[in-house]
Amino acid sequence: MRSLYADHLLARLQENPHGKLHQRLLLVLQQAITEGIFPAETRLPASRDLAKELNVSRNTVLNAYEALLSEGYVTARTGSGTWVANMLPEFSPAPVQPSSKDVPRALPAHSLSTRGAELLGYANASPYQWGAFVPGAPDVTAFPHALLRKIEDRLQKSPDIEQLIYSNGGGCAQLRQALSEYLRVTRSVNAEVEQIIITEGIHQTVDLVAKVLADVNDTVWVEDPGYWGTRNILRCNGLRLHALPVDAEGIIPDVSAAPPPKMVFVTPSHQYPLGGLMSLSRRQQLLEMARRQRFWIIEDDYDSEFRFSQPPHPALQGLEDNAPVLYMGTFSKTLYPALRMGYLVVPKSLSHPLRTAAAELYRGGHLIKQRAIAEFIRGGHFAAHIRRMRLLYHQRRQFLLSLILRYLGNDFLPRYSHDAGLHLVLSLPDGCDDVAIATRALHKGVVVRALSQYYLSAQQERGLLLGYACIDEPKLFAAFMVLRECLRQEGIIGC
Ligand SMILES: Cc1ncc(COP(=O)(O)O)c(C=O)c1O
């Protein structure tokens, strides 16, 4: 009988049947180690046994073990085999297939629903979202955790009744009040308290909006390239995605579409992933179409606090009164992702239905935490933290740009990017295989994401998403040198 380890490795190998066997085996072993399936200080199966169980040659296993050894994942103890290292290499890869994005992976056909299988087939989050160059990861070590805990501890000692019971009012009133002011002042969002609903982040907000404002088989417009997380939730809700191209001014609306979409999902302040800013004329065009054709604009404002050389650009929602816009924000980038807290600002006519629907679907909780965040904002700590992070991320971005210029040249600089955000897109020559580069980098423990994988259409620019926010300059430098070597090996740059 095969061991559980072998079953796991075999399943992983079958999920991705392409590429050379020894490389695939190396990747799944790296994944198993970084995911803790083979925990630190455990012994890997003897190469002869594993080869037999996986039905591969012993050399294939030996090659993979050797590569793991040279990359620091394992240590060899004479006479007693190969052991998982106590400390993983500095750039432990987030063990995800960079090529998986919108191409569903093979899945076990057992008891999943069609919808569940599709959701998992498109799942694409890195299991370990930290390190060079994971995009969208803020520096969670720089957050004043002790300060927030102090506020929370105080509130925990004598919580109000409202913070302990079921809530169907859209979340903690104090937080909605604090957000109403914050969003008005910093994002020019028209948000009265009753228009705000606290959610567990943008993923949940998208789910709520999809369920309540659209029916199965309705069409929604999404940006191409765009955020795969949003697309997956929309798909899982049975919606049809119509991917619209993005240029330097933002999404290009389909003026001839009939019937019109139910909703359009956009990232106007910082197009994800290219980094552009939607122009005023495009914003006005979209608003005008949405009014005339009666669809909703869903504005994803995921990281707009981080504009470095200019003040943050006002949100689309505030451009006109009673705009047909639902505005989604998140604390994932400004505070930290595991907080799972975000907010939705809805037009007044949707306030009651959406608040009620949110309570019916998710019930909502963490009200003491929400109250603590309200105090954190009110006390000026939120603004101070954003100011500090803006400086830090700007420095890191500048440093990465200087590396690109110095070691790769002008042609590799981001094409659309404004001076903003937690990642940039390294430009690559048209038609090159960005997935191959990402895979090569992953094998060396550096996570980069291939731009082509963010497209639904065949019209794809090539590039690599490089997150820089959570890594200091020495680590950025080291990871960049690894990436440069990969570019060399793939023939993108010369020797
Ligand atoms: C464009 C975009 N929207 C939303 C999110 C996720 O937000 P949340 O953590 O609030 O679910 C991300 C995450 O990286 C993102 O890139």
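First listed ligand is number 1; within each ligand, the first listed atom is number 1. Fair warning: this is a prediction, and the values are worked out from it, not measured in the lab.
Using a 4.0 Å cut-off to heavy atoms of Gly201, the atoms of ligand 1 that qualify are 10 (O), 11 (O). Close contacts between ligand 1 and Lys333 involve ligand atoms 13 (C), 14 (O) [criterion: under 4.0 Å to a heavy atom]. The Ser332 neighbourhood of ligand 1 comprises atoms 8 (P), 9 (O), 10 (O), with distances under 4.0 Å to a heavy atom of that residue.
A salt bridge does not link Asp433 to Arg440: none of the charged nitrogens lies less than 4.0 Å from a carboxylate oxygen. With salt bridges taken as basic N to acidic carboxylate O contacts below 4.0 Å, one links Lys348 and Glu192.
For ligand 1, one of its N or O atoms has an N or O atom of Thr330 under 3.5 Å away.
Summarising the local packing, NE2 of His381 is surrounded by more than 12 heavy atoms from other residues, nucleotides or ligands at distances under 6.0 Å. Shown here is Arg149, whose CZ atom has no more than 12 heavy atoms of other residues, nucleotides or ligands within 6.0 Å.
Remark: among candidates Leu422, Leu339, Asp300, the nearest residue to atom 1 (C) of ligand 1 is Asp300, based on non-hydrogen atoms.
The cationic atom of Arg363 (NZ for Lys, CZ for Arg) lies less than 6.0 Å from the six-membered ring centre of Tyr166 and within 45° of the ring axis. Under the 6.0 Å distance and 45° angle rule, Arg397 does not count as a cation-pi partner of Phe308.
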For residues 236-250, please give each side-chain donor-acceptor pair under 3.5 Å, one per line with the distance, not counting sequence neighbours.
| from | atom 1 | to | atom 2 | distance (Å) |
| --- | --- | --- | --- | --- |
| Asn237 | OD1 | Lys211 | NZ | 3.2 |
| Asn237 | ND2 | Asp207 | OD1 | 3.0 |
| Asn237 | ND2 | Ile233 | O | 2.9 |
| Arg240 | NE | Asn217 | O | 3.1 |
| Arg240 | NH2 | Asn217 | OD1 | 3.4 |
| His242 | NE2 | Asp254 | OD2 | 3.1 |
| Asp247 | OD1 | Glu249 | N | 2.8 |
| Asp247 | OD1 | Gly250 | N | 3.3 |
| Asp247 | OD1 | Arg282 | NH1 | 3.1 |
| Asp247 | OD1 | Arg282 | NH2 | 3.4 |
| Asp247 | OD2 | Arg282 | NH2 | 3.0 |
| Glu249 | OE1 | Ser279 | OG | 2.5 |
| Glu249 | OE1 | Ser281 | OG | 3.3 |

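Contact annotation for Arg340 and ligand 1: only side-chain heavy atoms (C-beta onward) come within less than 4.0 Å of the ligand. Proximity of Ile202 to ligand 1, defined as any heavy-atom pair under 4.0 Å, is shared by backbone and side chain alike.
In this structure, atom 12 (C) of ligand 1 lies nearest to the protein heavy atom Tyr227 CZ, 3.5 Å. From the protein, the heavy atom lying nearest to atom 16 (O) of ligand 1 is Tyr272 CE1, 3.5 Å.
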